[in-house]
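Report on the following structure.
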Amino acid sequence: MSFGKGCHLHLIDGSAFIFRAYHALPPLTRKSDGLPIGAVAGFCNMLYKQIEANKGPDAPTHVAVIFDYSGKTFRNEIYDKYKANRPPPPEDLRPQFPLTRDATRAFNIACHEVEGFEADDIIATLSRQAREAGGRCTIISSDKDLMQLVGGGVEMLDAMKNKRIDADGVREKFGVGPERVVDVQALAGDSVDNIPGAPGIGIKTAALLINEYGDLENLLEHAEEIKQPKRRQALIENADLIRLSKQLVTLVDDMDLDFTLDDLELKAPEPEPLLSFLTEMEFRTLTKRIADQMGVEPPAIEVSAAPVDTPDAPPFNAGKYEWVKDVDALTKWIERIYERGYVAVDTETTGLDTMRVDLVGISLSVEAGEACYIPLRHKESAGDDLFASDALAEGQMNFDVALTMLKPMLQDESILKIGQNMKYDAKIFARVGVDVAPIDDTMLLSYALHAGLHNHGMDALSERYLDHSPIPIKPLLGAGKSAITFDKVKVADAVPYAAEDADITLRLWQMFKPRLHVEQVTTVYETMERPLVPVLAQMEMNGIKVDRDVLSRMSNNFAQKMAALEAEIHELAGRSFNVGSPKQLGEILFDEMGLEGGKKGKTGAYATGADVLEDLAAEGNELAARVLDWRQLSKLKSTYTDALQDHINPDTGRVHTSYVIAGANTGRLASTDPNLQNIPVRTEEGRKIREAFVADEGKVLLSLDYSQIELRILAHIADIDALKQAFRDGLDIHAMTASEMFDVPLDEMTPDIRRKAKAINFGVIYGISGFGLARNLRIPRKEAQGFIDRYFERFPGIRTYMDTTVEYAKEHKYVKTLFGRKIHTPEMGSKGPRAGFAKRAAINAPIQGSAADIIRRAMVRMPEAIYGMPAKMLLQVHDELIFEVEEGAVDAVTKVVRDVMEGASMPAVKLDVPLIVDAGVGVNWAEAH
DNA sequence: CTCGTCACG
DNA sequence: GACGTACGTGACGAGT
């Protein structure tokens, strides 16, 4: 049947379907290999619903799904900033694009995209053809850019709201008929697509003007006549931009297409290709539903494909690993990787500082027992050679050739790159211009599965799960002063070591990946571990600018004060000794001066901690007081003002910390080399160090932190009405607790009573004990216990929470955060003092862990949220994020970041309390905090 | 390499 | 009845 009168064409906006599906569904993955599949699932469901919903009398005769071609379009040539604000699609969505095309074809529906054009242009062209042939056309989309096409038998249909949009609907939205929509859009512009338009003119004003002057050209010609000076000026000054905008928003409706309307004729889906596609995607429910509807037997979905059990994994054999020396050998590996769809990757470098080391070689593995090493920059001479030469060793590919060959594979959306601690390798690759994606990380898989049970380093995992001790690196590099870097290792020695790491990584992945579902931590891994890798890698590469001179001046200052104190201390002690030695200090205080004090078990040394010295100082001991002063300065100098200077990268002038994703059992990050999560703030003197952390010229540091996030989570989890209400009312929570506990009205609150309540609030989070609170508040233990009893009396829900949590931990040997993170508590139920530790850790973990989850979720969403804004995320300090922002953009960035942070629990968890984020700005961190 | 100490949330 | 006790981290210097 040739398309004509009586025919009805349905054009589905494929990209809109994909994004809607992606955002509507959790990040599902294919069970057998972890391929992200949520958007495809949603897409198929929407397509199927669309088919089912259109079987009535108004059924289409012709259907097509139209997609955007990935890449630049002709509009970018007209205007280079077109859609430049659009963030790139999420990493786990990209591999799903081709699959949605496959899905469309599997449903036996025509599917088209054209290079250099947008889907909207194709839709415009087809709808015009349909109209001219005398038929009808329904565009299934709610995109306002398509509204210009409505009329003359062309309508739109919002599939979500099931609402048809005709010419009246367009008038409602734009204030003008479809034929004038582009004029209004050209004037109003569009910040999402970066259409400039005229400043200060929105849709309302634009419609008003167009209705008054008939069309855009006439309006521009008569712009001088406009009464309002602002509008007149905007139109006159921006006439060219407005005409350009019109060009951008006007859809091309006369494309040369290599298919006709007749090719889009609706055909019934064929059971075979459709069901085999759905089975391949492992969509159980949909496969069954469609099979039933077609009246055929649903095919079985066997999920044992690749990993699951690998009882026949071959034993480790380092002799079997391949030394890749030339293009032919590497080509073969790349071909195998494409056959497989995944590869384990590991990089060897000249050190551990990712910002400075060189890439020395790359290892790959696609199957247990089979791995290769591609040496690239090994030096000629071996370690025993006295004069190491700079010449490259034999048997290595040219560095650039190898990278050029590997780069497309490493960046290919359809190839999963598996690594152990991929953040490290991703940073190394980023420095040679390769953006590795998508990735899986065995360290993070283990973290999601086993947090609390053991560490997640490769050696430990290999021993524990593969019963294999990896080849140690020590014999290759040596130790101490004579240690060499990996590029000095003989290639023949490097091959088995390096290739084995890839082999181990692959085997661990095969073992761990299927366990995610079994342990119900897929969502944890997919939303809070894996997507964090590129985010943290970027933050670490950003670094934060540190002013060396500020630190250096402080160091000198501290050194002088310390010298003076040291002399004073020696004077008081009656002899000279090392003030930094707790052992010597203890002997002086307790033996020579004969003060009261006890030994501390294991080493037999006296305890001289701050608490001990403070007690002595309070009794009037001058020596103890001076040592405390000295210690504070010593700490600040050695750990901060001195050490920090050594961490300033000479190339960037910035300090690049490294975040440990799988370090803390609770889900918190840890910061190392240097630790930027413990920069002083509590004392005036220490806080000055933060003045050395500065923003680049023209920029400021912006700090946003969650207010009382752990107490809010406690209020939510333990379901304490009084606390929840207090947070909703924005009350001072410690004062409110104090008032409740000590029967003091809020307006009679004293700082001291509030301080006690604050200590109790924190104590609760940590699994309070009378002893601990007594020590913290320096009050008699009995009194502390009285406070605690009173607290539980007033908030009985807290006790219930603690009891049920401990019971849960006893039974399951793990606890869970609000977002499903499991924290294992293997010590639970053991005897002795360890029982107490385990109990308190179990009480604390869901609280601290949920807070950690929330900021992780915020961080994962941040790059997209601030995309296109002149802002960089630099640091995370547990409940605080620090950004470097161009001065003029501070307000805009603050709003966006605050929204993301305050909404980070959604949609997974709707908290009963609001999350509140405080913001600060300054030229340095001291000001911003 | 372990311990004591102390910086942070 | 005694025992040890706030939760989670990392870095430094001393001393083995």
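Because the structure is a prediction, the values reported are computed rather than measured. Within every chain, numbering begins at 1; the chains are lettered A, B, ... in the order of the sequence lines, protein sequences first and strands thereafter. Just so it is clear, the values below take in all heavy atoms, side chains as well, and ignore hydrogens, waters and symmetry mates.
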Rounding to an integer number of Å, can you tell me how far [X] [atom1] sits from [N] [atom2]?
X        : N      : atom1 : atom2 : value
A:Leu875 : C:dG10 : CG    : C1'   : 15 Å
A:Leu585 : B:dC3  : CG    : P     : 20 Å
A:Ile847 : C:dT9  : CD1   : C1'   : 17 Å
A:Ile823 : C:dT9  : CD1   : C1'   : 14 Å
A:Tyr766 : C:dT5  : OH    : C1'   : 15 Å
A:Leu669 : B:dG9  : CG    : P     : 15 Å
A:Glu880 : C:dT9  : CD    : P     : 20 Å

### Message
Taking only side-chain N and O atoms of A:Asn578, does any of them lie within less than 4.0 angstrom of OP1 or OP2 on C:dA14?
### Response
yes
### Query
So, A:Ser850 versus A:Thr817: side-chain donor-acceptor pair below 3.5 Å or not?
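No, no side-chain donor-acceptor contact under 3.5 Å.
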When you measure from the side chain of [X], which nucleotide among [options] comes out closest?
X        : options                : value
A:Arg631 : C:dG10, C:dT5, B:dC6   : B:dC6
A:Ala664 : C:dT5, C:dA11, C:dG8   : C:dG8
A:Lys635 : C:dT5, B:dG9, B:dA7    : B:dA7
A:Arg840 : C:dG8, C:dG15, C:dA6   : C:dA6
A:Val660 : C:dG10, C:dA11, C:dG15 : C:dG10
A:Ala643 : C:dA6, C:dC12, C:dT9   : C:dC12
A:His929 : C:dA14, C:dG8, B:dG9   : B:dG9
A:Pro582 : C:dG15, C:dC12, B:dG4  : B:dG4

### Task
Go through the structure and list residues passing salt bridge (Lys or Arg N to Asp or Glu O under 4.0 Å) with A:Glu927, not counting sequence neighbours.
none
### Query
Looking at residues at least two apart in the chain, or sitting in another chain, which of them share a salt bridge (Lys or Arg N to Asp or Glu O under 4.0 Å) with A:Asp752?
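So A:Asp752 forms a salt bridge (Lys or Arg N to Asp or Glu O under 4.0 Å) with A:Arg755, A:Lys756.
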#### Entry: Listed partners of A:Asp591 passing side chain to side chain donor-acceptor pair (under 3.5 Å), at least two apart
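Result, side chain to side chain donor-acceptor pair (under 3.5 Å) vs A:Asp591: A:Tyr606.
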Identify whether any heavy atom of [X] sits under 4.0 Å from a base atom; if not, whether one sits that close to sugar-phosphate; answer base, sugar-phosphate or nothing.
X        : answer
A:Leu773 : base
A:Asp705 : nothing
A:Gln584 : sugar-phosphate
A:Ala610 : sugar-phosphate
A:Ala607 : sugar-phosphate
A:Ala759 : base
A:Ser634 : nothing
A:Gly580 : sugar-phosphate
A:Asp879 : sugar-phosphate
A:Ser769 : base
A:Gly836 : nothing
A:Phe837 : sugar-phosphate

### Query
P atom, C:dA6 versus B:dG4: distance in rounded Å?
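One P to the other, the span is 14 Å.
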### Query
Taking the same atom, C1', in B:dA7 and in C:dC3, what whole-Å distance lies between them?
30 Å
#### Entry: Heavy-atom donor-acceptor pair, A:Arg781 side-chain to C:dT5 base, under 3.5 Å
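Yes.
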### Task
Using modelled atom types only, decide if a donor and an acceptor are shared between the side chain of A:Arg626 and the backbone of A:Ile569 within a distance under 3.5 Å.
no
### Query
What side chain to side chain donor-acceptor pair (under 3.5 Å) pairs are there with at least one residue in residues 577-590 of chain A, not counting sequence neighbours?
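Listed by first then second residue: nothing to list.
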### Message
Can you tell whether the side chains of A:Arg668 and A:Glu710 come within less than 4.0 Å, N to carboxylate O?
### Response
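Salt bridge present between A:Arg668 and A:Glu710.
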### Message
Take a 6.0 Å sphere around CG of A:Asn678 and say whether it holds more than 12 heavy atoms from other residues, nucleotides or ligands.
### Response
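Atom CG in A:Asn678 is packed in, count exceeds 12.
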### Task
Using ring pair (Phe, Tyr, Trp, His ring centres under 6.0 Å) as the criterion, list what pairs up with A:His824, not counting sequence neighbours.
A:Tyr814
### Query
For DNA chain B, what residues of residues 676-686 of chain A have any heavy atom nearer than 4.0 Å?
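Output list: A:Gln677, A:Asn678, A:Ile679, A:Pro680, A:Val681, A:Arg682.
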### Task
Check the angle between the aromatic planes of A:His734 and A:Phe762 and answer parallel, tilted or perpendicular using the 30° and 60° thresholds.
tilted
